[in-house]
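Structure, as structure tokens:
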Amino acid sequence: MSVDFREVEKKWQKEWEEKGVFHAEPAESSEKPKFFITIPYPYLNGNLHAGHTRTFTIGDAVARYKRMLGYNVLFPMGFHVTGTPIIGLAELIAKRDERTIDVYTKFHDVHLDELLQLTTPEKVVEYFAREALSALKGIGYSIDWRRVFTTTDEAYQRFIEWQYWKLKEKNLIVKGSHPVRYCPHDANPVEDHDLLMGEEATIVDYTIIKFYFESKDGRIIFPCATLRPETVFGVTNIWLKPTRYVLAKVDDEVWFVSREAYEKLTFTDKKVELLREVDADQFIGKYVTNPVTGNNVPILPAEFVDTDNATGVVMSVPAHAPYDYVAIEELKKDDKTLEKYGIGEIVQNLRPIVLIKIEDEDYEVPAKDIVEEMEIKSQKEVEQLEKATKTIYKKEFHKGVLLEITGDYAGIKVSQIKERLQQDLIRNGIGDIFYEFSEKPVVCRCGTKCVVKVVKDQWFLNYSNPEWKGKVLEWLDEMAIIPEYYKEEFRNKIEWLKDKACARRKGLGTRIPWDREWLIESLSDSTIYMAYYIIAKYVNSGVVKAENLTKELLDYVLLGIGNPEEAAGKSGVDVKTAEEMRKDFLYWYPVDLRSSGKDLVANHLLFFLFHHIAIFPKELWPRAIAVNGFVSLEGKKMSKSKGPLLTMKRAVEEFGADVTRLYILHASEYDSDADWRRKDVEGLAANLRRFYNLAKDYYLKDVQQPDQLDRWLMSRLQRAIKETRDAMEKLQTRRAVNAAFFEMMNDVRWYLRRGGKNLAIIFDDWLKLLAPFAPHICEEIWHWKHDSFISLESYPEYDETKVDEVAEVSEEYVRMLLEDMKEILKFAGDVEAVYIAIAEDWKREVVRVAREAGDVRKAMKIIMSDERFRGMAKEVSSFVKRIFKERFEGFDSVNEEEVINSALDFFERELGIKVKIDPEKVPVEKRRAAMPGKPAIYAV
RNA sequence: GCGGGGGUUGCCGAGCCAGGAAAAGGCGCAGGGCUUAAGACCCUGUCCCGAAGGGGUCCGCGGGUUCAAAUCCCGCCCCCCGCACCA
């Protein structure tokens with residue numbers, strides 16, 4: 001009958017909980033260093049899944065490992081519910097949205113009747129928090145549950161308010177506007193998973209250059225939108241599509257834009273008012289002024305103009321834009337149009353104006369040259385034109401330099417001009433920005449076309465602040481990032497990070513304390529909450545209430561500002577509590593390791609660093625960050641919102657906690673993704689059962705005096721200990737499990753096959769070695785013999801004195817000899833016996849000398865100076881050559897005869913044939929081939 | 001496009017930084033043992049050739065360095081992830 005993993009697991013989880021095994025309190029003795037490890041709390045808009053399982057299990061393995069190393073480990077957990085998705089989910093459930101119901105019943109394993117109850121955010125939070133808690137307990141993480149909290153807890157909100165006041169005081173929060181993807185129908189920003197189409201689209205900022213036309217009613221702005229503002233110096237004309245446009249009042253100006261552009265402008269921070277519709281025709285042939293150069297350029301018609309892109313007003317730069325060049329050439333031949341607008345002469349006289357020199361290329365007029373080369377004839381050849389545009393832009397961007405014609409900008413690289421020019425234009429009142437999607441259409445799940453909305457007066461975290469950024473970059477150098485090559489990634493991301501809007505109109509969370517219209521956005525409220533775990537213990541035990549968490553108390557506890565008496569007095573807690581909290585905080589902080597999925601690198605983990613550095617003194621900044629990859633299911637990407645998904649609970653129910661843990665730890669390393677494959681998981685379960693059976697068969701046996709084979713096993717165990725410890729120091733759980741479990745299993749198998757009986761000799765250490773990875777089964781087996789918790793035992797030390805090189809080499813010798821004999825028997829046909837002849841002693845000596853000598857000639861010289869070898873020069877010489885040719889490694893320390901004799905039973909058992917050392921029976925020519933460590937074998 | 005990572009034997013995945021094994025381990029597959037049978041368990045094989053422990057060809061593609069390259073150098077092709085205000 002085989003072991004029921006689940007039963008064993010539940011038993012020990014209960015024990016651990018009842019005995020408070022993982023409750024962490026500051027240690028009195030300084031001999032026990034502390035280790036504070038945190039994992040990002042999960043967001044509760046669904047059940048915990050295999051992705052969480054991976055990140056959390058890595059964290060738990062480290063926590064358990066460190067604990068066994070003698071660290072005082074604090075491993076806490078909380079729940080994240082801030083933001084909009086939970087509200088969205090509650091609404092969808094309330095609306096009985098089919099897709100949502102399908103996904104949540106099928107993939108999140110929520111019972112339909114329960115799911116249908118979850119119609120408010122509060123119910124959603126309550127349900128999934130309960131589920132998460134039981135999932136996390138069911139897998140047996142060594143979490144100190146006295147510190148759990150939810151981010152909507154009142155006390156947590158106090159803590160967040162305190163943090164935001166601090167940031168405000170330090171002037172790290174500023175006001176501004178920013179563009180978001182927005183659905184006019186839902187009147188809400190749209191997230192990726194709310195999109196029907198256009199997930200790939202990004203928001204790009206077109207530069208608007210305000211060409212103008214003086215009419216009798218005043219100035220009309222023709223806002224040309226471009227991604228390449230530097231080409232304003234090469235404008236020969238502007239393009240309109242011959243269709244209806246509108247005149248609109250934009251702030252204090254009158255703009256000529258497409259109807260679509262007008263609609264879009266209404267979502268920006270500008271004051272917009274529609275004046276009237278106008279025909280583009282009535283302006284064609286007229287001249288507008290280029291505000292940058294002062295030149296007057298004509299307005300011309302072009303079909304390629306897309307009125308649904310940016311303003312619908314386009315400046316024409318035929319020297320550098322293939323579209324423009326082709327359009328002009330086409331127009332030149334289009335007599336009907338020329339005549340219609342009376343623009344024949346104007347058009348014929350247009351000449352491209354070159355303003356960029358491309359180094360190492362001999363373009364004269366780039367757009368012209370490439371269009372001719374590609375033989376593009378019409379502006380309708382969109383595909384070709386796109387390609388031409390890309391090619392030219394790529395070259396100009398990387399290798400282009402602005403020419404004298406650009407005045408002050410001459411000599412600047414194209415790659416460095418855009419932002420500068422855009423700002424200059426805006427400053428001079430002749431430029432602006434128009435946000436547009438990079439791809440279209442972008443459609444919301446409700447079917448409405450999305451727009452870019454500019455949110456006004458938004459609160460921003462001032463991450464672009466050079467001083468702040470500089471400090472973060474400096475600290476990055478000092479702290480540890482695992483794997484190490486992610487440091488570069490972090491550096492890049494920190495440099496790239498811009499100001500981040502930290503306030504929202506909608507969602508769960510904490511209000512900005514000085515502007516209660518706004519809620520603190522969810523990534524912005526989870527930056528230094530690891531500090532809150534220390535406070536949460538007091539809140540959960542009832543000693544401290546939310547209203548006690550005043551500025552004074554938090555200032556004192558977290559920053560040491562003021563004194564306990566004052567802090568206590570104003571907050572209403574007693575002095576002792578204030579002091580204790582401060583002591584706890586200083587004991588546990590800083591965070592020693594934050595271990596997280598790689599999806600959080602470009603956001604949460606950055607904010608985590610930024611905020612710690614802003615708020616706390618240097619000695620409390622995070623010490624290390626580790627990053628791990630995702631989990632896929634049978635090769636398919638998991639998705640919370642679409643499936644497939646494997647919940648943590650289901651994995652544990654089906655396979656058991658230990659199997660799930662071992663599998664996920666072993667499936668891959670670092671940031672590479674793990675694949676959950678049922679077959680492999682089942683294979684692992686079989687291995688773990690095998691382990692359990694070994695324990696049953698051997699663990700309780702009396703330990704015998706070790707013989708050579710036992711010493712081999714102990715020696716192998718030492719290697720495994722070393723390897724496992726080394727791997728864990730680098731957070732390589734895959735390597736660690738490989739060494740501690742799989743490789744040990746193989747060694748044990750060999751040991752038993754060789755006739756070993758004394759397996760109990762390593763079992764205690766083996767159990768301890770495995771305990772961080774498969775804690776339940778180890779705890780179970782351990783208790784067959786001990787009363788203590790293996791979870792609190794000390795981790796096996798690598799003991800060099802137990803490394804037995806001779807035993808290991810001898811075993812290797814046996815293995816190779818067996819292999820050779822098998823190889824021979826494969827071809828030998830029917831034989832009755834195998835005879836072995838060990839290499840003569842002189843060969844051993846020659847090998848030694850040869851290896852010292854280093855090359856053939858030197859070796860021969862030394863050897864031949866010994867008269868014993870003179871008589872057999874030929875044989876010696878060919879042997880020496882062979883040593884070098886085969887890069888021969890002898891088995892110097894092996895007493896071959898002894899080893900073979902002691903393994904004869906084993907050989908005979910394995911081969912089913914008689915095996916004997918008997919040089920007499922081995923033909924001379926075979927004997928001659930024998931090498932030290934590789935005896936002659938003869939089968940007859 | 002920018003930035004980061006990567007392409008290894010049927011699959012997954014080590015090895016690459018510190019050149020020197022047909023290349024760990026797992027899975028799959030095949031054969032054998034055990035068993036009344038199934039399962040579990042144990043063993044063996046799994047690039048090609050080979051009736052004596054051997055030989056040959058291999059690590060995205062093409063060059064190069066070296067006595068020796070999956071590992072170092074150069075060029076090329078392909079794949080994955082991030083580029084945000086979303087958890």
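The figures here come from the full heavy-atom set of this structure, side chains too, leaving out hydrogens, waters and symmetry mates. A note on names: the letters A, B, ... follow the listed sequences, proteins ahead of strands, and every chain is numbered from 1.
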Output a table of donor-acceptor pairs, distance under 3.5 Å, between side-chain atoms of residues 629-636 of chain A and any protein atom two or more places apart or on a different chain; print 'none' if there are none.
unit_1	atom_1	unit_2	atom_2	d
A:S632	OG	A:A674	O	3.3
A:S632	OG	A:D675	OD1	2.8
A:E634	OE2	A:R678	N	2.8

**OP:** With sequence neighbours excluded, tell me which residues meet side chain to side chain contact (heavy atoms under 4.5 Å, CB included) with A:R491.
**Re:** A:L473, A:L476, A:D477, A:K487, A:E488, A:E495
Original post:
Under 4.0 angstrom, heavy atoms only, what part of the nucleic acid is A:T84 near: base, sugar-phosphate, or nothing?
Top reply: sugar-phosphate
Pairs: protein N or O with nucleotides 48-50 of chain B N or O, under 3.5 Å:
unit_1	atom_1	unit_2	atom_2	d
B:G50	N1	A:E823	OE2	3.1

**OP:** Inspect the contact between A:D726 and A:R735 and indicate whether a charged nitrogen and a carboxylate oxygen are less than 4.0 angstrom apart.
**Re:** yes
Original post:
With sugar-phosphate meaning primed atoms plus P, OP1 and OP2, does A:H666 contact a base, only sugar-phosphate, or nothing at under 4.0 Å between heavy atoms?
Top reply: nothing
**OP:** Taking the six-membered ring for Trp and the single ring otherwise, decide whether the centroids of A:F460 and A:H178 are under 6.0 Å apart.
**Re:** yes
Original post:
If you pin A:I937 and A:E669 to their nearest nucleotides in RNA chain B, which one's is more 5'?
Top reply: A:E669
Original post:
Taking 4.0 angstrom as the limit, do A:E812 and A:R815 come out as a salt bridge?
Top reply: yes
Subject >> Heavy-atom side-chain contact between A:I836 and A:M821 under 4.5 Å >> reply: yes
Original post:
Do side-chain atoms of A:E832 reach the backbone of A:I913 as a donor and acceptor pair under 3.5 angstrom?
Top reply: no
**OP:** Give A:A939 one of three labels, base, sugar-phosphate or nothing, depending on what nucleic acid heavy atoms sit under 4.0 Å from its own.
**Re:** base
**OP:** For B:G54, give its Watson-Crick or G-U wobble partner with both distances under 3.5 Å, or none.
**Re:** B:C49
**OP:** Describe the nucleic acid contact of A:A501 in one word from base, sugar-phosphate, nothing, applying a heavy-atom distance below 4.0 Å.
**Re:** base
Original post:
Which is true for A:N45 with a 4.0 Å heavy-atom rule: it touches a base, it touches only sugar-phosphate, or it touches nothing?
Top reply: nothing
Heteroatom pairs (N/O) under 3.5 angstrom, protein to nucleotides 43-47 of chain B:
unit_1	atom_1	unit_2	atom_2	d
B:C43	OP2	A:R749	NH1	3.1
B:C43	O3'	A:R753	NH1	3.4
B:U44	OP1	A:R753	NH1	2.6
B:U44	OP1	A:R753	NH2	3.1

Original post:
B:C59 pairs with which nucleotide, Watson-Crick or G-U wobble, both distances below 3.5 Å?
Top reply: none
**OP:** Check the pair A:E808 / A:R719 against side-chain contact (heavy atoms from CB on, under 4.5 Å), numbers first and verdict last.
**Re:** CA-CA 11 Å; A:E808 289 196 38; A:R719 307 254 181 222; 2.9 Å; yes
Original post:
With both distances kept under 3.5 Å, what pairs with B:C16, Watson-Crick or G-U wobble?
Top reply: none
Original post:
Are A:R753 and A:E910 close enough for a salt bridge, meaning some N to O gap below 4.0 Å?
Top reply: yes
Subject >> Presence of A:K637 side-chain N/O under 4.0 Å of B:C81 phosphate oxygens OP1/OP2 >> reply: yes
Using a cutoff of under 3.5 Å, can you pull out all pairs of nitrogen or oxygen atoms linking the protein to nucleotides 21-24 of chain B, with atom names and distances?
none

Original post:
Among all residues two or more places apart in sequence or in another chain, which pass the side chain to side chain contact (heavy atoms under 4.5 Å, CB included) test with A:S596?
Top reply: A:P40, A:L600, A:L605
Subject >> Pi-cation contact, A:F608 with A:R594 (under 6.0 Å, within 45°) >> reply: yes
Original post:
Expressed as a whole number of Å, how far does the P atom of B:C16 sit from that of B:G64?
Top reply: 26 Å
Original post:
How about A:N47 and A:Y104: do any of their side-chain heavy atoms sit closer than 4.5 Å?
Top reply: no
Original post:
Is there a donor N/O on one and an acceptor N/O on the other, under 3.5 Å, for the side chain of A:D820 and the base of B:G53?
Top reply: yes
